[in-house]
J.: 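Have a look at the structure that comes next, please.
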Amino acid sequence: MIRTVPTAPIDGQKPGTSGLRKKTRVFMAPGYLENFVQSIWNAIGGVSGKTLVLGGDGRFFNDRAAQVIAKMAAASGAARVIVGQNALLSTPAASNLIRLRGADGGIILSASHNPGGEAEDFGVKYNGANGGPAPEAITERIFAETRALQEYRILDIADCDLATPGEARLGDMVVEVVDPVADYRALMEKLFDFKAIRALLESGFQLRFDAMHAVTGPYARAILEGALGAAPGSVVNAVPLPDFGGGHPDPNPVWARDLMDTMFAADAPDFGAASDGDGDRNMIVGRGVYVTPSDSLAVLAANAHLAPGYTRGLTGVARSMPTSAAVDRVAAARGFDCFATPTGWKFFGNLLDAGRATLCGEESAGTGSDHVREKDGLWAVLLWLNILAARRESVAGIMAAHWAEFGRNYYSRHDYEALDTAIATALMEDLRARLPDLPGTDAAGLTVQSAEDFAYTDPVDGSVARAQGLQIGFEGGARLVLRLSGTGTEGATLRVYLERFAPGPDGLDDDPQAALAPVIAAAEALAGIAARTGRTAPDVIT
Ligand code: G16
């Protein structure tokens, strides 16, 4: 029986960089999830007769939310919902399923790298028929619907069995429960030379993959240990837990400390990698060398042709504006286009759909290609392994050769988390107001060359996104970007992105923090971070 429930708009249901992210308890409050989901249905012209994909990263409330969403899809007339077994799907696997099955869209339950648990974070994201995150025009429509909503519809019925693969009915709607890994593994087998990677692993090459108790565990076990023959135990923390074992499932040197320690030990494996809560981010570490996400994107762009899925070369690459320009140098040298987009994977969608970019990446540990419309953690790991199998060099060797050929973009991001929102907003507003006067002035010894509030005109559909970060260029090629995160759930997070270029082997300190010291000082001089926020050091340095 369909129940129509009267409701009223709930404040603050504005999707951020990647869907709506809130504290789990906020999502668990009566009507909160229901209001948002009904607003999605309303914003996309209803779901009557449609096929949707549904799954999430397994965090606390994932299972309950999946039941609610399935019942709401049925109540609004959806024809079919394809669900990952136990409501699990990594974000890239969900994107793949939408495309593979010709679904009209999908709902992904995840707050990505944010911690999970009843007292932590939860999130809901809508992806369209191309498998990618809804573009801004749709997220704005969803937000408008949340502000006008008067009722939602849900089926009054017992929960459906999401643990058993196969088809069942929920009212008139078909619920199809699928193995979350199978189709994704088949796609990876098409893109990469599994034979060559298997031969590499058989030659004694050792790897360690840290799934961080999150959704990639089953995928990594099936592919790395199963299909490719990595030694049992190569995948660690492989069982997804509702609270990710109490950690931040965020693959960076801070939150993946164990992996870093392993990779910098005397008996380190040859290759280390980690993935995040929902499996779309990645971290790459060689023996004794951490590869920044920006450098990883550049190396993948320079070597992708070594993998079967990319032998025809790349049509273009795209990076988010704050990501370092390392990939730009590869694009210039190899003669393909390079685009700089605002932060948010959704901005890559049109470029990928139009065939103008083959590879995309972000400083926030996301890399992907036109094989799906999300960033893809395990894909990046497999492309690295394919390159290592083809080149038979160490990660450190590949990095050294890359920097010698293209030069090195020293890069780091400093995060100041859970700041008072008013203070963080004022810091940004004041600097924004001063941008026109900055060129030609001195900032702790560096001369400002350009200063802009980044705006992006999509080359495919002409849509414009404004106020996407303050970008300041210095004479000599250094660059500073400041923006506020759109994925936090507590106060404001200020992100300070720092970059400095050195052509070829150089006299700079190998430690990026030392090499970037002048840019760090310039950031402080321009924005007054310590004085305004009372923070003398960032909470996270990546
Ligand atoms: C999301 C977006 C990314 C973005 C990242 C950080 O990733 O998809 O494009 O780079 O958030 O965004 P912000 O700097 O606004 O916090 P994920 O992995 O969290 O979905």
Side-chain angles (χ1 to χ4, degrees), residues 14-22 56-57 59 90-92 94-95 108-116 120-127 131-136 139 212 214-216 244 248-252 255 274-283 292-294 297 318-324 340-349 351-352 360-368 372-380 413-419 424 428 454 456 465 467-470 481-497 538-540 542:
K14 186 176 170 55
T17 309
S18 182
L20 184 66
R21 289 189 192 165
K22 296 285 174 194
D57 62 15
R59 69 181 58 227
S90 78
T91 289
S95 181
I108 300 175
L109 307 170
S110 171
S112 188
H113 54 289
N114 297 19
E120 299 294 351
D121 295 350
F122 192 77
V124 174
K125 189 169 81 149
Y126 172 70
N127 282 29
E136 292 232 301
T139 54
M212 304 189 87
V215 78
T216 338
F244 307 119
H248 282 234
D250 192 358
N252 65 41
W255 295 116
S275 190
D276 71 332
D278 60 331
D280 56 1
R281 295 184 175 207
N282 73 89
M283 176 169 107
T292 68
S294 295
L297 173 64
R319 64 166 170 91
S320 66
M321 178 275 282
T323 301
S324 97
T341 61
T343 295
W345 202 262
K346 59 192 169 197
F347 291 102
F348 294 135
L351 295 170
L352 293 166
C360 303
E362 299 183 286
E363 52 68 37
S364 57
T367 340
V372 289
R373 291 295 180 274
E374 287 279 4
K375 52 189 185 272
D376 189 343
L378 203 44
W379 167 91
R413 188 180 92 191
H414 290 189
D415 288 342
Y416 298 83
E417 295 178 340
L419 296 176
M428 291 293 287
F454 183 66
Y456 176 69
Q468 298 296 320
L470 310 182
V481 174
L482 288 95
R483 60 179 282 281
L484 297 182
S485 159
T487 57
T489 58
E490 220 177 321
T493 294
L494 173 67
R495 302 209 195 283
V496 182
Y497 310 82
D539 297 288
V540 176
T542 57

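The shown structure was predicted, so the numbers you read here are calculated from the model rather than taken from an experiment. Whatever order the structure lists ligands and atoms in, that order sets their numbers, starting from 1.
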J.: Does E417 have any side chain to side chain contact (heavy atoms under 4.5 Å, CB included) partners at least two apart in sequence or in another chain, and if so, which?
T.: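 Per chain and number, E417 pairs via side chain to side chain contact (heavy atoms under 4.5 Å, CB included) with D415, T493, D539, V540.
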J.: Report the residues that fulfil ring pair (Phe, Tyr, Trp, His ring centres under 6.0 Å) with Y126, sequence neighbours left out, ordered by chain and then residue number.
T.: none
J.: Please check: side-chain N/O of S294 versus main-chain N/O of S324, any donor-acceptor pairing under 3.5 Å?
T.: yes
J.: Counting N and O atoms only, with roles assigned by atom type, does the side chain of D276 sit under 3.5 Å from a partner on the main chain of D280, one being a donor and the other an acceptor?
T.: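 Yes, the answer is positive, given that a donor and an acceptor are paired below the 3.5 Å cut-off.
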J.: Would you call K22-D121 a salt bridge at under 4.0 Å N-O?
T.: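 No.
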J.: Hey, what polar pairs (N/O, under 3.5 Å) does ligand 1 make with protein?
T.:
from, atom 1, to, atom 2, distance (Å)
ligand 1, 7 (O), R281, NH2, 3.4
ligand 1, 7 (O), K375, NZ, 2.9
ligand 1, 8 (O), K375, NZ, 2.9
ligand 1, 9 (O), G344, N, 3.1
ligand 1, 9 (O), W345, N, 3.0
ligand 1, 9 (O), E362, OE1, 2.7
ligand 1, 9 (O), E362, OE2, 2.7
ligand 1, 10 (O), E362, OE1, 3.4
ligand 1, 10 (O), E362, OE2, 3.0
ligand 1, 10 (O), S364, OG, 2.7
ligand 1, 14 (O), R483, NH1, 2.6
ligand 1, 14 (O), R495, NE, 2.7
ligand 1, 15 (O), T17, OG1, 2.7
ligand 1, 15 (O), R483, NH2, 2.9
ligand 1, 15 (O), G486, N, 2.6
ligand 1, 16 (O), S485, OG, 2.6
ligand 1, 16 (O), T487, OG1, 2.5
ligand 1, 16 (O), R495, NH2, 2.6
ligand 1, 18 (O), S112, OG, 2.7
ligand 1, 18 (O), R281, NE, 2.8
ligand 1, 18 (O), R281, NH2, 3.4
ligand 1, 18 (O), K375, NZ, 3.1
ligand 1, 19 (O), R21, NH1, 3.0
ligand 1, 19 (O), R21, NH2, 3.0
ligand 1, 19 (O), S112, OG, 3.1
ligand 1, 19 (O), H113, ND1, 3.1
ligand 1, 19 (O), R281, NH2, 3.2
ligand 1, 20 (O), S18, OG, 3.3
ligand 1, 20 (O), R21, NH2, 2.9

J.: Tell me, please, which residues at least two apart from E136 pass side chain to side chain contact (heavy atoms under 4.5 Å, CB included).
T.: T139, E140, K346, F347, A465
